[in-house]
Structures are given as C-alpha cells and as structure tokens.
Participant: 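Have a look at this one.
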Amino acid sequence: MRGVTRRINEIVFDCADPATLARFWSALLGAPVEVRDPDWATVAADPVLIGFQRVPEGKQSPKNRLHLDVEDADLLGAAAAAEALGATRLGDVIEDEGGGFLVLADPEGNEFCFVTG
C-alpha cells in the first residue's frame with residue numbers, strides 16, 4: 001500500500017490480572033504504568049505502549065507466538081532483578097557472534113528475553 005505510513009502503536013498481552021502484570025513490566029522497564037480499570041492497564045514503554053487486557057481463558061500453549069526482547073548489557077544482573085519482581089528464568093545465557101540472550105517468563109508465564117548485541 002503505497003503512500004501509507006503506519007507504525008506499531010501498542011502491543012497487547014491477554015492476561016488474567018492486568019494491574020499486576022502491568023506493574024511487573026513497569027518496574028522491569030522503569031516505565032510509567034496506568035491502570036484504567038480491572039480489565040485494562042498500560043505501560044508507556046517508549047516508543048511503544050504495552051497494553052494488558054483481562055481475558056477469561058488462560059494461556060493456551062506453553063510457547064508464546066510473540067515475545068519481547070529487552071536490551072540489557074548485564075544479562076545475569078537483569079535476570080536477577082526480574083526474578084526479584086516475580087519472573088522465572090527458563091534457561092541459561094546463550095551467546096553467539098551476534099550477542100547473547102536469556103529467556104525468562106513474566107508472572108503469568110509470558111516468555112521474554114534479555115538481549116545484548
């Protein structure tokens with residue numbers, strides 16, 4: 001579609017407890033949180049907004065189809081800080097010629113990675 005400029009406005013997580021999950025991500029990223037109501041909360045993770053919406057069903061698959069990569073030069077330090085907030089480490093640091101990454105899960109089991117390089 002020529003001439004059309006689009007950008008990602010928001011990434012939304014389906015979850016059981018929007019306020020709790022938004023506060024986790026807010027603390028992890030050092031970004032402002034807004035809890036609009038029990039069914040909706042957001043984190044202003046500049047340049048994108050992360051939304052959290054309550055859904056009745058739980059996570060259907062052990063593996064996410066989409067995950068966030070969070071840049072941090074100190075993977076183990078970042079993982080320890082995330083674990084103190086309620087994250088779970090899902091593996092060891094993996095390194096290759098492009099950098100490294102470490103997979104974790106947030107308090108509702110959504111995978112994310114700390115990455116370098």
Side-chain angles (χ1 to χ4, degrees):
M1 294 199 268
R2 288 193 209 174
V4 176
T5 301
R6 295 189 175 95
R7 67 178 187 84
I8 301 294
N9 172 266
E10 188 169 31
I11 297 169
V12 179
F13 283 88
D14 290 348
C15 60
D17 187 347
T20 298
L21 206 52
R23 287 185 186 107
F24 166 84
W25 282 97
S26 171
L28 184 75
L29 299 172
V33 64
E34 179 184 349
V35 178
R36 185 184 321 161
D37 59 49
D39 295 327
W40 184 256
T42 58
V43 173
D46 188 37
V48 69
L49 195 62
I50 304 173
F52 303 88
Q53 68 181 356
R54 184 183 311 276
V55 296
E57 69 278 359
K59 188 175 171 192
Q60 301 298 310
S61 169
K63 181 78 175 119
N64 286 10
R65 296 293 300 238
L66 170 85
H67 71 267
L68 301 180
D69 283 350
V70 179
E71 189 173 348
D72 197 301
D74 178 6
L75 297 178
L76 294 176
E83 288 172 306
L85 295 170
T88 302
R89 193 179 313 195
L90 300 180
D92 296 321
V93 173
I94 306 294
E95 293 186 12
D96 62 20
E97 65 278 353
F101 68 94
L102 180 59
V103 182
L104 295 95
D106 72 17
E108 288 200 16
N110 301 299
E111 294 88 4
F112 67 97
C113 294
F114 283 117
V115 300
T116 62

Participant: In Å, rounded to the nearest 0.5 Å, how long is the span from CG of Asp106 to NE2 of His67?
Facilitator: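 Rounded to the nearest 0.5 Å, the CG-NE2 separation comes to 12.5 Å.
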
Participant: Which distance, rounded to the nearest 0.5 Å, do you find between the CG of Leu66 and the CD of Glu111?
Facilitator: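 Answer rounded to 0.5 Å: 10.5 Å.
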
Participant: Measuring from Leu68:CG to Phe114:CZ, what's the distance to the nearest 0.5 Å?
Facilitator: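 One gets 10.5 Å once the value is rounded to the nearest 0.5 Å.
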
Participant: Of the non-hydrogen atoms in Pro18 and Ala41, which two are nearest, and what is the gap between them?
Facilitator: O-CB, 3.8 Å

Participant: At what distance, to the nearest 0.5 angstrom, does CH2 of Trp40 lie from CD of Glu34?
Facilitator: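 That separation rounds to 10.5 Å.
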
Participant: Among Leu21, Val33, Thr42, whose side-chain contact (heavy atoms from CB on, under 4.5 Å) with Ser26 holds?
Facilitator: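 Per the side-chain contact (heavy atoms from CB on, under 4.5 Å) rule, the option paired with Ser26 is Val33, out of Leu21, Val33, Thr42.
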
Participant: Quick one: CG on Asp14 to CZ on Arg54, what's the gap to the nearest 0.5 Å?
Facilitator: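 Answer for the CG-CZ pair, Asp14 versus Arg54, is 12.0 Å.
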
Participant: Which pair of heavy atoms, one from Leu102 and one from Asp92, lies closest together, and at what distance?
Facilitator: CD1-C, 3.4 Å

Participant: Hey, are the side chains of Asp46 and Val48 touching, using non-hydrogen atoms and a 4.5 Å cut-off?
Facilitator: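 Answer no - side chains too far apart.
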
Participant: Kindly give the heavy-atom pair with the smallest separation between Leu49 and Ala44, and that separation in Å.
Facilitator: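 Heavy atoms only, the tightest pair is CD1-CA, 3.7 Å.
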
Participant: Applying side-chain hydrogen bond (donor to acceptor under 3.5 Å, both in side chains), name anything that partners Arg89, two or more places apart in sequence or on another chain.
Facilitator: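 By the side-chain hydrogen bond (donor to acceptor under 3.5 Å, both in side chains) rule, Arg89 matches Glu83.
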
Participant: Angle between ring planes, Phe112 versus Trp25, binned at 30° and 60°: parallel, tilted or perpendicular?
Facilitator: perpendicular

Participant: Could you pull out the closest heavy-atom pair between Gly100 and Leu75, with the gap in Å?
Facilitator: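 Smallest heavy-atom distance, with atoms named: C-CD1, 3.8 Å.
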
Participant: Would you sort out whether Gln53 and Asp39 count as a side-chain hydrogen bond (donor to acceptor under 3.5 Å, both in side chains), showing the intermediate values?
Facilitator: CA-CA 6 Å; Gln53 68 181 356; Asp39 295 327; over 6 Å; no

Participant: Decide whether Leu28 and Val93 are clustered together by the hydrophobic rule: side chain heavy atoms of Ile, Leu, Val, Met, Phe, Trp, Tyr closer than 4.5 Å, transitively.
Facilitator: yes

Participant: Please determine whether residues Val35 and Val12 belong to a single hydrophobic cluster, defined as Ile, Leu, Val, Met, Phe, Trp and Tyr linked transitively by side-chain heavy-atom distances below 4.5 Å.
Facilitator: no

Participant: Report the distance from atom CZ of Phe101 to atom CD of Glu95, rounding to the nearest 0.5 Å.
Facilitator: 10.0 Å

Participant: Ala82 and Leu104: which non-hydrogen atoms are nearest, and at how many Å?
Facilitator: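 Smallest interatomic distance, heavy atoms only, reads CB-CD2, 4.1 Å.
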
Participant: In this structure, would Val70 and Leu76 fall into the same cluster of hydrophobic residues linked by side-chain contacts under 4.5 Å?
Facilitator: yes

